[in-house]
Trainee: 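For reference, the structure I am asking about is given below.
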Amino acid sequence: MKITFPDKSVKEFDRGTTALQVAESISSRLRKEALVAEANGRMIDLSRPLNEDTELNIYTYKDAKGQEAFWHSSAHLMASAIMKLFPEAKLAIGPAIPDDFSAKFYYDIDLDHKLSESDLEAIEAEMQKIVKEDQVYQRKEMPRAEAIAYIKERDSNDRYKLEMAGEFEDETLTFYSHGDFIDMCRGPHIPSTGKIKAFKLLTVAGAYWRGDEKNKMLQRIYGVSFPSKKLLDEHLGRIEEAKKRDHRVVGKALDLFSIAENIGPGLVLWHPKGAIIRNLIETTWKDMHIRDGYDLVYTPHMARLKLWEISGHADFYTENMFKPNEVEGDLYQIKPMNCPFHIEIYRGDIRSFRDLPIKYAELGSDYRYERSGVLHGLMRVRGFTMDDAHIFCTPEQIHEQILEVCDLSIEMLKLYGFNDFHIYLSTRPEKYVGEPEQWDMAEDALRKALEERKFEYDVDEGGGAFYGPKIDIKIKDSIGRLWQCSTIQFDFNLPDRFDISYVDSDNKAKRPYMVHRAILGSLERFFGVLIEHYGGDFPIWLAPVQVRVLPVVDEVNEYADELVEFFKSAGVRVESDLRNEKIGYKIREAETGKIPYMLIVGKKELQEGIVSVRKHKQGDTGSFDPKEVLAEVLRKIKTKTVD
RNA sequence: GCCGAGGUAGCUCAGUUGGUAGAGCAGCUGAUUCGUAAUCAGCAGGUCGUCAGUUCGACUCUGAUCCUCGGCUCCA
């Protein structure tokens with residue numbers, strides 16, 4: 001039979017040769033590292049004999065598909081250790097989760113005993129033994145009826161596996177075993193447990209069976225595994241690094257924001273230093289919107305409940321809204337969104353096709369009820385400010401408008417040092433409002449914009465909201481995590497509900513297209529992402545304090561004051577540290593305070609009228625004329641240099 | 001909301017089997033005037049998240065409640 005490799009080369013093998021043997025024929029190293037294979041587009045175990053002409057791809061840990069199998073096999077390894085220690089446990093599901101930042105696999109188990117840290121250690125020790133024994137992962141196929149009987153025979157109460165076995169489309173189910181452990185599983189798996197050289201169980205957490213809160217809550221153990229100790233240590237190091245960058249930790253250390261118990265969960269206080277950054281983000285945002293022809297508007301934080309009944313939010317969004325307030329017999333609702341307000345402004349006049357596009361932009365503060373368990377620092381809050389805008393336009397204008405929004409998003413995100421974007425196009429779901437032709441046109445417009453800009457994007461078929469298709473842009477931060485920020489969404493619902501229109505050139509009233517869009521998402525979340533992206537080391541244009549003057553002895557305090565005045569009068573955020581402390585101490589404080597420029601002045605600098613410049617994280621850079629330093633600082637601020 | 005873990009000084013944390021609390025940093029006072037990441041000494045600082053209960057006595061045990069953290073679900 002012929003085996004075709006990814007590089008299109010073809011080799012002849014005997015029937016019944018396994019993928020592993022093929023790997024060995026290529027190189028002994030590949031044999032050692034091979035984990036799984038893909039035969040004619042289907043993932044298989046290396047031990048599977050090949051019986052016909054096959055396009056074969058062999059994966060090692062270097063490949064995403066190899067990793068996935070590796071982590072899934074690790075989940076089985078963990079499950080087998082759990083079953084050894086707690087034979088009464090029932091297994092639910094245990095997949096690999098390659099996209100998760102810290103964990104790489106988990107297993108959901110139903111067990112009355114509450115697992116603790118020490119249990120995790122015991123499980124790890126048991127896993128270690130199984131790894132040492134280098135048990136082989138073996139595949140077994142059974143027709144459905146036989147499989148169900150087999151599961152029942154092993155444990156008549158194994159409701160999770162039985163439920164799944166009854167639902168799979170395939171009539172043939174597969175099981176994988178290693179040692180005396182066996183689990184229903186599609187596979188594929190790596191050859192043996194011995195390949196899993198390094199692993200760590202991270203946490204145990206609750207998770208509902210099938211993610212549905214009506215179901216029983218199971219215990220989920222998260223873990224990571226690697227083919228070497230070195231890779232595990234690197235991974236754990238990255239987790240540590242992420243912890244150091246945690247916006248809640250940095251936000252506290254740098255006094256940027258807080259969430260006070262007396263004020264309420266999910267409600268953010270922006271402290272002076274955080275407010276400086278927010279203000280810069282806001283003015284930059286406003287300037288760019290005015291440039292792009294948006295009209296800035298302001299709208300109130302609440303409205304009659306009636307407004308939300310018209311918009312439909314009172315019906316389909318109640319879950320996320322705070323309860324309305326009664327005022328003089330009328331109910332008022334604090335807003336979870338800004339759209340109906342912008343629509344009301346649009347409705348306030350008869351609009352001609354000549355007026356379009358109309359683009360209302362607002363940094364609109366919204367309040368949404370989020371369940372207490374989901375709140376997370378600045379990333380998920382109950383009160384937030386969306387950098388919102390609504391575009392009302394004619395069908396002919398859509399293309400240009402979408403392009404403009406895409407360009408604005410990318411341009412603005414790049415200002416903050418984000419250069420890696422992951423873009424998703426979500427299309428019509430099963431349940432939707434509006435006409436299919438409208439949807440097609442809108443999806444086309446979104447697709448065309450992405451293609452015209454040569455953006456790579458993934459399509460989430462059926463992933464759109466019921467009211468329209470959308471583009472989401474996620475940004476990758478400096479340590480590789482993805483964050484959802486920009487969203488561009490068509491809306492075929494609200495224009496109908498509010499019956500908005502424009503008069504076209506044929507003097508007929510027509511329905512405008514409406515697009516919601518946010519670029520930063522919410523200022524709170526964006527700030528959180530920004531803090532983690534920079535780890536608190538903000539570029540100079542954003543730094544709350546840009547320059548600090550540090551006198552070595554108090555004889556030069558007056559010179560320090562002069563320098564502060566000199567920089568301040570040029571608009572630089574500058575301060576001095578005149579305390580009676582050693583220079584080493586002042587420097588340490590300025591470094592931990594992440595201040596970009598430290599101007600150190602002593603007797604020498606006073607005499608010569610110069611400053612010694614120390615840059616954050618770079619150290620001493622030498623002595624300069626203050627005018628030169630100011631010019632450099634101003635240039636960096638003006639160009640929003642990110643370094 | 002649910003499962004699990006927490007809440008002790010401004011911050012980070014320690015507190016053994018119930019006998020009314022400790023450290024480091026920060027703060028204040030004083031000494032020190034110093035050259036690129038922590039000078040020394042002294043002082044002050046706490047209803048041990050909140051409310052009940054058990055007990056002669058509760059930071060410690062029990063219950064309720066608020067908040068935080070890790071997840072589930074959802075999303076800006």
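Computed from heavy atoms alone, side chains included, the values below leave out hydrogens, waters and symmetry copies. Residue numbers begin at 1 in each chain, while the letters A, B, ... track the order of the sequences.
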Trainee: Taking the side chain as C-beta and beyond, is there a heavy-atom pair between A:Gln546 and A:Ile595 under 4.5 Å?
Mentor: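 A side-chain contact is absent here, since even the closest heavy-atom pair is not under 4.5 Å.
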Trainee: Can you check the distance between B:G27 and B:U12, where both ends of the measurement are the C1' atom (answer in whole Å)?
Mentor: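 To the nearest whole Å, 16 Å.
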Trainee: Using the C1' atom in both, what is the distance from B:U36 to B:G42, to the nearest Å?
Mentor: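 After rounding to an integer number of Å, I get 30 Å for this pair.
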Trainee: Kindly assign one of parallel, tilted or perpendicular to the pair A:Trp209 and A:Tyr160, based on the angle between their ring planes and the thresholds 30° and 60°.
Mentor: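 Perpendicular.
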Trainee: I'd like the P distance from B:U17 over to B:U62, given in whole Å.
Mentor: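 Their P atoms lie roughly 14 Å apart.
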Trainee: Can you identify which nucleotide, out of B:G70, B:A37, B:U36, has its nearest atom closest to the A:Ala205 side chain?
Mentor: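 Given the options B:G70, B:A37, B:U36, the side chain of A:Ala205 is closest to B:G70.
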Trainee: Kindly point out which of B:C2, B:U36, B:G1 is positioned nearest to the side chain of A:Val374?
Mentor: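 That would be B:G1.
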Trainee: Quick check: closest heavy atoms across A:Leu91 and A:Asp158, and the distance to 0.1 Å?
Mentor: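 Looking at all heavy atoms of both residues, the closest pair is O-OD1, 4.1 Å.
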Trainee: When you get a sec, tell me which of B:C2, B:U73, B:A37 is the closest nucleotide to the side chain of A:Arg371?
Mentor: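 Nucleotide nearest to A:Arg371's side chain: B:U73.
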Trainee: Could you tell me how far B:A44 sits from B:A37 if I compare only their C1' atoms? Round to whole Å.
Mentor: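 Going atom to atom, C1' in each nucleotide, I get 28 Å.
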Trainee: Looking only at atom P, what distance separates B:G18 and B:A58, rounded to whole Å?
Mentor: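 About 13 Å, rounded to a whole number of Å.
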Trainee: Any salt bridge between A:Glu240 and A:Lys243, counting N to O under 4.0 Å?
Mentor: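 Salt bridge between A:Glu240 and A:Lys243, a charged N being under 4.0 Å from a carboxylate O: yes.
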Trainee: Taking the P atom in each of B:C43 and B:A38, what is the distance between them to the nearest angstrom?
Mentor: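 These two P atoms come out 26 Å apart once rounded.
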Trainee: If we count only N and O atoms by modelled type, under 3.5 Å, do the side chains of A:Thr299 and A:Lys335 hold a donor and an acceptor together?
Mentor: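 Yes, because at least one side-chain N or O of A:Thr299 sits under 3.5 Å from a partner of the opposite role on A:Lys335.
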Trainee: Going by the angle between their ring planes, with limits at 30° and 60°, are A:Phe527 and A:Trp270 parallel, tilted or perpendicular?
Mentor: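 Aromatic pair A:Phe527/A:Trp270 classed parallel.
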Trainee: Whole angstrom is fine here: how far is it from CG in A:Leu218 over to C1' in B:C3?
Mentor: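 Taking CG of A:Leu218 and C1' of B:C3, I get 10 Å after rounding.
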Trainee: So which protein N/O to nucleotides 26-29 of chain B N/O distances come out below 3.5 Å?
Mentor:
from  : atom 1 : to       : atom 2 : distance (Å)
B:A26 : OP1    : A:Tyr585 : OH     : 2.7

Trainee: Expressed in whole Å, how much space separates the C1' atoms belonging to B:A26 and B:C67?
Mentor: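 After rounding to an integer number of Å, I get 24 Å for this pair.
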Trainee: Sticking with atom C1', work out how far B:A14 lies from B:C48, rounded to a whole angstrom.
Mentor: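 The same atom, C1', in both gives a distance of 13 Å.
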